[in-house]
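Some notes on the structure that comes next.
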Amino acid sequence: MSKKEPLGPALPVLIGAAVMLAMAMGLRQSLGIFMTPMTADIALTVSEFTLAIAIQNLVWGFTQPVIGAMTVRLGFRVPMVAGGVLFCTGLVMLTLADGFLMVLLGAGFAIGMAMAAVSSAMALAVSSRAVPASRRSFVLGLVASASSMGAMVAAPVGQAINTSTGDWRYGMIGFVVLAVSIIPAAWLAGRVDRMNLPVHGPSGSDGLTASAALKVALRHGPFLVMSAAFFVCGMQLIFLLTHLPNYLAICGMDPMLSATALAIIGAFNIAGSIFFGWAGGWWNKQALLGIIYLCRSVILTAFFITPPTPESTIVFACFMGFFWLGVSPLIAGSVIEMFGLRWQPMLQGVTFFVHQFGSFAGAFGGGFLFDMMGSYDLAWRLGVLIGAAAGIVQLIVALWRPPAPRAFRAA
């Protein structure tokens, strides 16, 4: 906020959005710590577990644009609170799981649909409406950084319960308890529906219908390139979240190391999200996205090219964490710059739809290649090559940087 514009009624909205995002993303990102004990206890294969996570990402991607479009008529509170309830339901189903079907329904469908209502697209859309354009990018970075705080709590708590009790179901019960906090946080963030907050930013899209806005967006070159490159983000991050614990276990590392690495990634993501949120207010957001994708590919290569050690894993987590979710404020800010605020949740949902196909490839593809090859070597090499290519293309497009589509320009 500027000095002349105090937080006022926007502060509860931002706090609610941050807590909602922190718990939803933190819990969802930490599900990988249950893969090894669950696959041993209820006779799942690695491929089946990762298929459930892959389905989760596809369901999340398919429903995100729909939920985003619904906010124009229903507001934000109803879908976000419903998403919190559904998230808790999915975790309960996992707690009671005795086979693949319950894992698929809980981790795949229930949590996938819930994430469309309580994750970054909705949290950042709510936050965008509460702040002036001059400070929006930085505030989006602050809210996006909250996603890591949940991982810093969830992964160590879940792993500690698993280790101390020897039963992964108790760790999942701990996740259910943490997930309940999403519901009141979503209710608080939903206050944006009834507040007379100014809608800062371009408003030239206000007269368009959802279908007309979507048609204009899908003809806009930079939007299409940004969305396609976002595929890489989902592929690389979900590959790590799903398979890093198993990879470290295969290499003989202590099981607590993977939880520690996920927590460190979360901690450094706070700094990275804030930095890239701030940087997006000063420099070309598209160029920053390209830099992030290229840096991730270099970091992945440096880590996987040699056998891991506790020290190298910690260093990897620090660097990877800094470039983890800095894309979120940059994507959200880019969509607003291109198309304005009214259809931001829907159009950001479209970019996320592509992101989730990458998540599917990272989760299921990584597991499939592991089962087929007996190692993760081919999986990480493909991830590096595709990530580097996406980063280069994104940087080239950043040099072009045409204006927003005419139909979306402010009147």
Side-chain angles (χ1 to χ4, degrees), residues 14-35 53 56-57 60 80 83-92 94-95 106-107 110-112 114-124 126-127 141-162 168 171-186 188-189 233-234 237-238 240-242 244-245 256 258-274 317-318 320-329 352 359 363:
L14 298 177
I15 292 174
V19 173
M20 177 184 73
L21 179 60
M23 286 295 97
M25 292 294 289
L27 292 167
R28 179 256 181 185
Q29 289 174 2
S30 302
L31 289 176
I33 67 174
F34 294 96
M35 180 166 65
I53 301 299
Q56 175 197 107
N57 286 285
W60 184 2
M80 290 192 303
V85 174
L86 188 57
F87 197 106
C88 294
T89 302
L91 290 176
V92 170
L94 284 177
T95 303
I111 293 180
M115 289 300 292
V118 297
S119 61
S120 57
M122 296 287 277
L124 297 182
V126 164
S127 303
L142 285 174
V143 174
S145 71
S147 62
S148 295
M149 298 178 186
M152 292 172 64
V153 174
V157 167
Q159 187 63 60
I161 296 175
N162 289 348
W168 61 269
M172 196 67 73
I173 291 172
F175 271 29
V176 174
V177 174
L178 292 174
V180 171
S181 64
I182 296 174
I183 299 172
L188 187 62
C233 179
L237 300 195
I238 300 305
L240 286 175
L241 290 174
T242 306
L244 182 61
M256 198 64 192
S258 61
T260 302
L262 292 177
I264 291 173
I265 286 174
F268 276 79
N269 177 57
I270 295 174
S273 294
I274 293 173
C318 293
M320 198 67 186
F322 186 78
F323 293 98
W324 194 252
L325 289 179
V327 297
S328 294
F352 197 75
S359 297

Shortest non-hydrogen separation from [X] to [Y] and the atoms involved:
X      : Y      : value
Gly141 : Pro329 : N-CB, 3.7 Å
Ala189 : Ala17  : CB-N, 3.5 Å
Ala110 : Gly90  : CB-CA, 3.7 Å
Ala144 : Ser328 : CB-CB, 4.1 Å

Does the side chain of Val19 come within less than 4.5 Å of Leu188's, by heavy atoms? no
Does a side-chain heavy-atom distance below 4.5 Å link Met35 with Ile53? no
Derivation of the side-chain contact (heavy atoms from CB on, under 4.5 Å) call for Ile111 and Leu94: CA-CA 10 Å; Ile111 293 180; Leu94 284 177; 4.2 Å; yes
Euclidean distance, [Y] [atom2] relative to [X] [atom1], rounded to 0.5 Å:
X      : Y      : atom1 : atom2 : value
Ile183 : Met23  : CD1   : CE    : 13.5 Å
Leu142 : Ile270 : CG    : CD1   : 10.5 Å
Thr95  : Phe175 : OG1   : CZ    : 10.0 Å
Met20  : Ser119 : CE    : OG    : 7.5 Å
Leu21  : Leu124 : CG    : CG    : 6.5 Å
Leu237 : Asn269 : CG    : CG    : 9.0 Å

Going by side chain to side chain contact (heavy atoms under 4.5 Å, CB included), name the residues that satisfy it together with Ala24, two or more places apart in sequence or in a different chain. Phe87, Met115, Val118, Ile182
For Ile264, enumerate each residue passing the side chain to side chain contact (heavy atoms under 4.5 Å, CB included) test, keeping only those at least two apart in sequence or located in another chain. Thr260, Phe268, Ile314, Ala317, Cys318
Tell me whether the rings of Phe34 and Trp168 are parallel (<30°), tilted (30 to 60°) or perpendicular (>60°). perpendicular
